[in-house]
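Taking it in order: structure first as structure tokens, then the write-up.
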Amino acid sequence: MSSRIPKTFFAVPTVQLAKDLLGCVLMRETETGRMAGTIVETEAYTEDDAASHSFGGRRTKRNAMMFASAGHAYVYVSYGIHHCLNIVSESMGQGCAVLIRAVMPTEGIAQMRKNRGDVSDTLLTNGPGKLCQAFGITGEHNGIDMTDAGSPLYVVPREEKAISIRATPRIGITKAKSKKYRFLRKEQPHNRPSH
């Protein structure tokens with residue numbers, strides 16, 4: 001497996017990063033072993049986006065990590081139930097991040113099943129809350145620098161040189177619905193449906 005992705009990879013425009021992350025592998029180190037999954041669905045969120053937690057530069061205790069330097073994890077709770085993993089992009093103070101919506105499990109699948117309960121493999125990690133539950137990602141991971149050598153949560157580069165990408169409007173939001181900021185790997189069963 002390749003080494004973890006450095007900070008420079010994440011310090012780019014958010015929409016570009018949302019595309020660049022497709023095909024990369026999300027890694028989670030635990031005391032019981034490693035879990036991994038190929039990223040197959042992402043969404044971009046920026047300060048000028050009405051659907052973003054940081055819209056208009058608004059800073060709160062909840063979204064503080066969106067303004068950190070690129071490569072940090074921004075983990076929040078959705079609907080008071082599900083954790084969602086975002087990776088901060090661009091530069092410190094800009095309030096931009098990419099939501100990891102779905103991954104295709106590649107390693108540690110038995111542990112993911114244990115974390116998720118009795119669900120089919122296709123439903124194991126095909127949504128932001130599902131993948132966080134499968135990977136054991138919680139609020140404790142909010143603020144982790146995913147580029148740090150000792151981080152238990154990180155990303156490694158994709159092995160494929162080029163992949164086919166589809167852009168669509170985002171789902172599960174009420175504002176800025178027309179923006180095509182949701183990106184998926186084409187012909188990938190693990191990113192449908194992904195609520």
Side-chain angles (χ1 to χ4, degrees), residues 5 9-10 12-28 35-46 49 51-53 66 70-79 81-90 96-109 112-113 115-116 119-138 141 146 153-195:
I5 289 176
F9 177 90
F10 302 103
V12 297
T14 308
V15 169
Q16 178 185 329
L17 178 61
K19 296 175 185 177
D20 291 347
L21 281 167
L22 294 174
C24 294
V25 181
L26 177 66
M27 309 289 291
R28 167 86 163 96
M35 289 177 280
T38 303
I39 299 171
V40 295
E41 182 179 352
T42 61
E43 284 181 358
Y45 289 91
T46 59
D49 172 10
S52 176
H53 293 168
M66 279 191 83
H72 277 79
Y74 167 44
V75 181
Y76 66 88
V77 178
S78 176
Y79 300 111
I81 305 171
H82 307 292
H83 287 94
C84 296
L85 170 66
N86 300 257
I87 304 177
V88 178
S89 56
E90 305 198 23
C96 302
V98 174
L99 171 66
I100 308 301
R101 282 201 60 89
V103 303
M104 180 178 68
T106 57
E107 193 174 349
I109 297 173
M112 292 184 201
R113 289 193 187 112
N115 292 344
R116 283 276 291 126
V119 298
S120 69
D121 284 358
T122 358
L123 299 177
L124 200 58
T125 55
N126 72 322
K130 295 175 184 180
L131 80 85
C132 281
Q133 185 180 23
F135 275 66
I137 297 170
T138 69
H141 298 98
M146 296 175 67
L153 191 61
Y154 57 100
V155 180
V156 299
R158 66 181 178 217
E159 295 181 356
E160 301 162 275
K161 290 184 178 179
I163 60 173
S164 297
I165 297 172
R166 182 162 59 99
T168 76
R170 292 167 298 190
I171 57 179
I173 60 172
T174 57
K175 298 176 181 178
K177 289 183 177 181
S178 62
K179 286 182 181 286
K180 291 190 175 182
Y181 279 4
R182 176 181 176 232
F183 302 97
L184 310 93
R185 284 190 62 168
K186 289 184 178 178
E187 304 304 320
Q188 183 56 255
H190 285 80
N191 57 18
R192 292 184 301 271
S194 60
H195 291 285

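- Between F10 and I5 the shortest side-chain heavy-atom distance falls below 4.5 Å.
- Remark: the backbone N or O of V25 is not paired with any side-chain donor or acceptor of R158 at under 3.5 angstrom.
- Panel note: side chain R28, backbone F135; a donor-acceptor pair is recorded below 3.5 Å.
- For the salt bridge (charged side-chain N to carboxylate O under 4.0 Å, His left out) test with E41, the passing option among R185, R101, R166 is R101; the others fail.
- C84 SG to Y74 OH: the interatomic distance, rounded to the nearest 0.5 Å, is 9.0 Å.
- Residues T125 and M112 form a side-chain contact, since some pair of their non-hydrogen atoms from C-beta on lies under 4.5 Å apart.
- Contact record, T14 with C96: OG1-CB, 3.1 Å, taken as the closest heavy-atom pair.
- Note that the CE atom of M104 and the CD1 atom of I109 stand 9.0 Å from one another [nearest 0.5 Å].
- S89 places no side-chain N or O within 3.5 Å of a backbone atom of P13 that could act as its donor or acceptor partner.
- Put simply, CZ on F183 and CG on D20 are 10.0 Å apart, with the number rounded to the nearest 0.5 Å.
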*Please lay out, stage by stage, how K130 and L123 fare under the test side chain to side chain contact (heavy atoms under 4.5 Å, CB included).*
CA-CA 8 Å; K130 295 175 184 180; L123 299 177; 4.2 Å; yes

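- Nearest heavy atom pair, residue G108 against residue M35, reads O-CG, 3.7 Å.
- For the residue pair P128 and L99, the shortest heavy atom distance occurs at CB-CD1, 4.1 Å.
- The two atoms that bring R116 and L124 nearest to each other are NE-O, 3.0 Å, heavy atoms only.
- Exactly one of L21, T38, L85 qualifies for a side-chain contact (heavy atoms from CB on, under 4.5 Å) with L26. That residue is L85.
- Between L131 and I100, some side-chain heavy-atom pair lies under the 4.5 Å cut-off.
- Side chains of L153 and M27 form no contact here, defined as non-hydrogen atoms less than 4.5 Å apart.
- Smallest separation of non-hydrogen atoms from N86 and A97: CB-CB, 3.9 Å.
- The heavy-atom pair separating F9 from V12 by the smallest distance is O-CG2, 3.5 Å.
- Taking CD1 from I165 and NZ from K19, the interatomic distance works out to 7.0 Å, rounded to the nearest 0.5 Å.
- Atom-to-atom distance recorded for T168:OG1 and L184:CG is 5.5 Å, nearest 0.5 angstrom.
- Two residues are said to be in side-chain contact when any heavy atoms from C-beta on lie closer than 4.5 Å; V98 and E43 fail this criterion.
- Using a 4.5 Å cut-off on side-chain heavy atoms (C-beta onward), I137 and V75 make contact.
- When the side chain to side chain donor-acceptor pair (under 3.5 Å) test is applied to T42, no partner is found at least two apart in sequence or on another chain.
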